[in-house]
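Reading through the C-alpha cells given below for one structure.
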Amino acid sequence: MSAGSAAIATALKGDLCAGCGLCAALAPEAVRMTRRDGWLRPEVSAPVPAAAEAEIAAACPALGIEQTVPEGAQDHTLWGPIIGLRAGHAVDPALRRQASSGGGLSALLVHLLETGAVDFVLQTGADPADPLGNATRISRDVAGVFEAAGSRYAPSAPLEGIEPLLAGEARFAFVGKPCDVAALRALGRRDPRVAARVPAMISFFCAGVPSRRGAERVVEALGFRPDEVTAFRYRGDGWPGQAKATGPGGESRGMSYADSWGRILSGHVQFRCKICPDGTGGAADVVCADAWETDEKGYPLFEESDGTSLILSRSQVGEALVRAAEAAGRLETRPFRAEAIGPMQPGQLGRRRFALARMTALRLLGRPVPRFRGFHLAAAARQAGLLRNLREALGAIRRALRAR
C-alpha cells in the first residue's frame with residue numbers, strides 16, 4: 001500500500017519506481033523496501049510525515065530528474081556535462097581483471113581511501129546471504145573495494161540506509177546507479193549534510209535494472225536451480241567476463257556476456273529504465289562505462305580482452321579526482337572523443353534520442369511520466385529524425401496497451 005504518501009503512490013501507479021530506497025531513508029518509520037515481482041519497491045505502512053513527503057517529492061527519481069551543468073563543463077546534447085573524457089584502466093592488473101570494465105571506477109575508489117579523502121565507500125556488492133542478490137556495503141580499504149568490484153545486474157537500494165551516515169561525522173564516497181546518484185544530488189539541494197558528508201559521487205553507464213527473475217533464468221540456463229547456487233557473479237574476472245554460477249558441489253558453469261545480458265537479463269529490465277534518458281549518470285562527479293572495441297560497422301564487440309574503461313569527469317571535483325589518481329599511478333588513461341561514444345554504446349544513444357517519443361506516447365495514453373529537465377531531449381530526438389521517432393512512439397503505445 002502507498003496511501004500514506006502521494007509521491008510514492010504516483011511512482012507506483014505509473015510503474016515509475018527505480019527502487020533507489022531514498023523514500024525509505026527519509027521516512028523510515030513509515031516506509032521500507034520490499035521485494036515485489038522481482039524488484040525492490042517501497043511499502044508504506046503509515047502516513048508519511050509532511051516534511052519527509054516534501055523531501056521525497058523533490059528528490060524521487062521516479063517523479064523527475066534535473067541535470068545541471070557544473071562550472072567549466074561542456075553541456076553535450078547526448079552525453080551530458082563533460083569536463084574530461086578519457087579511456088583507461090586500473091594500473092593494478094588484479095583489480096583491472098576483477099572489475100567489469102577495466103577497473104577505472106574501482107581505481108578511483110582505492111585512491112580516495114588510500115589518500116584519506118574519504119573514510120569509507122558506500123557501494124553495492126553481492127549479498128553474502130543471497131548469491132543472486134545485492135547488498136549495500138561499506139568498504140573501508142582496498143580489499144573491500146576489490147571484493148565489491150564487478151557489475152551486479154540485480155535490484156539494489158543503496159540509499160535506503162543512508163540517513164544515519166548523513167547524521168554521522170565520517171566522510172564517504174557514494175557509488176550508485178545514475179538514478180541513485182540523481183536522487184542523492186537532488187536531496188543535497190535541500191539538505192546541506194550531503195555536501196558535508198559526501199565529497200564524491202560516482203556512477204556508471206546503466207542499461208537498466210533487471211528483476212531477480214532474470215538472474216534466476218540465467219542460473220537455470222546454466223543447469224542449476226536458483227536455490228542451490230552458492231556463488232554467482234554477473235560479470236568480471238575478465239572483460240566483459242562471463243556470468244558464472246557455482247553449484248553445491250563446487251562446480252562452476254559460465255555463460256558469455258552476450259548470452260547472459262543480451263539474451264536473458266535485458267529482457268527483464270524494469271519499465272522505468274526503458275524510458276530513462278539518464279543511463280549515463282549525468283549527476284555524478286565521475287561516471288565510468290565499458291569502452292567497447294567495435295567492428296568495421298561500428299557495433300560493439302564482446303570478445304574477451306583486457307578491460308578498458310570510458311571515464312567522464314562531469315564536475316571539477318571529478319576532474320581533480322581523475323587527475324590525482326593518474327598522478328598517483330593508480331589509473332592509466334588516454335584522451336577520448338565524444339563522437340566515439342555512440343558506436344560503442346548504441347543502447348545509451350537510443351535511449352537519449354527516443355526518450356521524448358516514448359514519453360509522449362505514454363502521455364497520450366494518460367500515463368504519468370517523470371519530468372526530465374536539462375537533458376535536451378528535443379534536440380536529441382531531432383538527431384534521429386521524424387520517422388524513427390514515430391516508430392518508437394507507436395512501439396511504446398503497442399507495448400503499453402499489451403501490458404494492460
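Not measured: the values here are computed from a predicted model. Note: hydrogens, waters and symmetry copies are ignored here, and every other heavy atom, side chains too, is used. Count residues from 1 along the sequence.
Among residue pairs with one or both ends in residues 137-153, those qualifying as side-chain hydrogen bond (donor to acceptor under 3.5 Å, both in side chains) are Ser100-Ser151, Gln123-Ser139, Asn134-Arg152, Arg137-Glu147, Tyr153-Arg235; sequence neighbours excluded. Sequence neighbours left out, the pairs with a member in residues 55-73 that pass side-chain hydrogen bond (donor to acceptor under 3.5 Å, both in side chains) are Glu55-Arg190. Legend: ring pair (Phe, Tyr, Trp, His ring centres under 6.0 Å) pairs involving residues 352-372, not counting sequence neighbours, sorted by first then second residue: Phe372-Phe375. Within the structure, salt bridge (charged side-chain N to carboxylate O under 4.0 Å, His left out) pairs that include any residue of residues 309-322 comprise Arg86-Glu319, Glu319-Arg323 (at least two apart or interchain). Sorted by first and then second residue, the pairs that involve residues 385-397 and meet salt bridge (charged side-chain N to carboxylate O under 4.0 Å, His left out), not counting sequence neighbours, are Arg358-Glu392.
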* Starting from the C-alpha separation in whole Å, work towards a yes-or-no answer on side-chain contact (heavy atoms from CB on, under 4.5 Å) for Leu105 and Ile202. => CA-CA 8 Å; Leu105 191 156; Ile202 302 177; 3.6 Å; yes

* To do: Take Met201 and Val198 through the test side-chain contact (heavy atoms from CB on, under 4.5 Å) and record every step on the way to the result.
  => CA-CA 7 Å; Met201 300 186 196; Val198 190; 4.0 Å; yes

* To do: Could you check Glu220 against Arg213 for salt bridge (Lys or Arg N to Asp or Glu O under 4.0 Å), going step by step and ending with a plain yes or no?
  => CA-CA 10 Å; Glu220 289 167 353; Arg213 293 174 182 173; over 6 Å; no

* To do: Begin with the C-alpha distance, continue with both residues' side-chain angles, and end with the deciding distance and a verdict on side-chain contact (heavy atoms from CB on, under 4.5 Å) for Arg189 and Val194.
  => CA-CA 8 Å; Arg189 297 186 187 112; Val194 174; over 6 Å; no

* Give the C-alpha distance, both sets of side-chain angles, the deciding distance and a yes or no for side-chain contact (heavy atoms from CB on, under 4.5 Å) between Gln345 and Arg351. => CA-CA 10 Å; Gln345 293 284 343; Arg351 286 190 179 197; over 6 Å; no

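Val269 approaches Ser266 most closely through the heavy-atom pair CG2-O, 3.5 Å. When all heavy atoms are compared, the tightest approach of Pro368 to Gly14 is CG-CA, 3.6 Å. The two residues Ile56 and Ala7 have their closest heavy-atom pair at CG2-CB, 3.9 Å. Of all non-hydrogen atoms in Ala170 and Asp119, the two that sit nearest each other are CA-OD2, 3.4 Å. Of all heavy-atom pairs spanning Ser309 and Gly103, the tightest one is OG-N, 3.6 Å. Nearest heavy-atom pair across Pro155 and Gly38 is CG-O, 3.4 Å.
Between Asp237 and Arg97, at least one side-chain N (NZ, or NE/NH1/NH2) sits under 4.0 Å from a carboxylate O, which counts as a salt bridge. Remark: Glu332 does not engage Arg96 in a salt bridge, criterion side-chain N to carboxylate O under 4.0 Å.
In this structure, Phe271 has no ring pair (Phe, Tyr, Trp, His ring centres under 6.0 Å) partners at least two apart in sequence or on a different chain. Residues passing the salt bridge (Lys or Arg N to Asp or Glu O under 4.0 Å) test with Arg41, sequence neighbours excluded: none. Applying the salt bridge (Lys or Arg N to Asp or Glu O under 4.0 Å) criterion to Glu29, with sequence neighbours excluded, gives no partner residue. Considering only residues two or more places apart in sequence or on other chains, Phe336 meets the ring pair (Phe, Tyr, Trp, His ring centres under 6.0 Å) condition with none of them. Take Arg212 and apply the salt bridge (Lys or Arg N to Asp or Glu O under 4.0 Å) test, not counting sequence neighbours, and it matches Asp130, Glu216. Partners of Phe204 by ring pair (Phe, Tyr, Trp, His ring centres under 6.0 Å), not counting sequence neighbours: none found. With sequence neighbours left out, Arg373 forms a salt bridge (Lys or Arg N to Asp or Glu O under 4.0 Å) with no residue at all.
With a 4.5 Å cut-off on side-chain heavy atoms, Leu85 and Ile311 do not count as touching. Contact check for Glu293 versus Met344: no side-chain heavy atoms found under the 4.5 Å cut-off. Val229 places none of its side-chain heavy atoms less than 4.5 Å from the side chain of Thr246. In this structure, Val44 and Arg32 have side chains that are not in contact, with every pair of non-hydrogen atoms separated by 4.5 Å or more. Using a 4.5 Å heavy-atom cutoff, the side chains of Val322 and Leu108 are in contact. Inter-residue side-chain proximity for Val218 and Leu265 is flagged as met; some heavy-atom pair is nearer than 4.5 Å. Considering only heavy atoms from C-beta on, Leu16 comes within 4.5 Å of Pro370 through its side chain. For the pair Ile82/Asp75, no side-chain contact is recorded, criterion being any heavy-atom separation below 4.5 Å from C-beta on.
A distance of 6.0 Å separates CG of Leu109 from OG of Ser106, quoted to the nearest 0.5 Å. Annotation: the span from Asp290 atom CG to Ser101 atom OG amounts to 3.0 Å, rounded to 0.5 Å. Taking OG of Ser260 as the reference point, atom CZ of Arg233 lies at 12.0 Å (rounded to 0.5 Å). One finds the CD1 atom of Ile341 at 5.5 Å from the CZ atom of Phe205 (value rounded to the nearest 0.5 Å). With rounding to the nearest 0.5 Å, the separation of SG in Cys276 from CD1 in Ile65 is 5.0 Å. Between the NE2 atom of His376 and the CD atom of Gln383 there is a distance of 11.0 Å, given to the nearest 0.5 Å.
Checking side-chain atoms of Asp259 against main-chain N and O of Met255 turns up no donor-acceptor pair under 3.5 Å. With hydrogens and angles disregarded, a donor-acceptor distance shorter than 3.5 Å links the side chain of Glu304 to the backbone of Gly241. Formation of a donor-acceptor pair under 3.5 Å by the Ser313 side chain with backbone atoms of Gly84 is found in this model.
More than 12 non-hydrogen atoms from other residues, nucleotides or ligands lie less than 6.0 angstrom from NZ of Lys274.
Looking at Ser156 and Lys177, their side chains do bring a donor and an acceptor atom within 3.5 Å of each other. Side chain to side chain, Arg330 and His111 meet the donor-acceptor criterion of an N or O pair below 3.5 Å. Between the side chains of Ser5 and Glu53, at least one donor N or O lies within less than 3.5 Å of an accepting N or O.
Screening Tyr257, Trp292, Phe302 for a ring pair (Phe, Tyr, Trp, His ring centres under 6.0 Å) with Trp239, the sole residue that qualifies is Trp292.
Between Tyr234 and Phe232, the ring-plane angle classifies as perpendicular under the 30° and 60° cut-offs.
The side-chain tip of Arg197 does not point at the ring of Phe172 from less than 6.0 angstrom away and within 45° of straight on.
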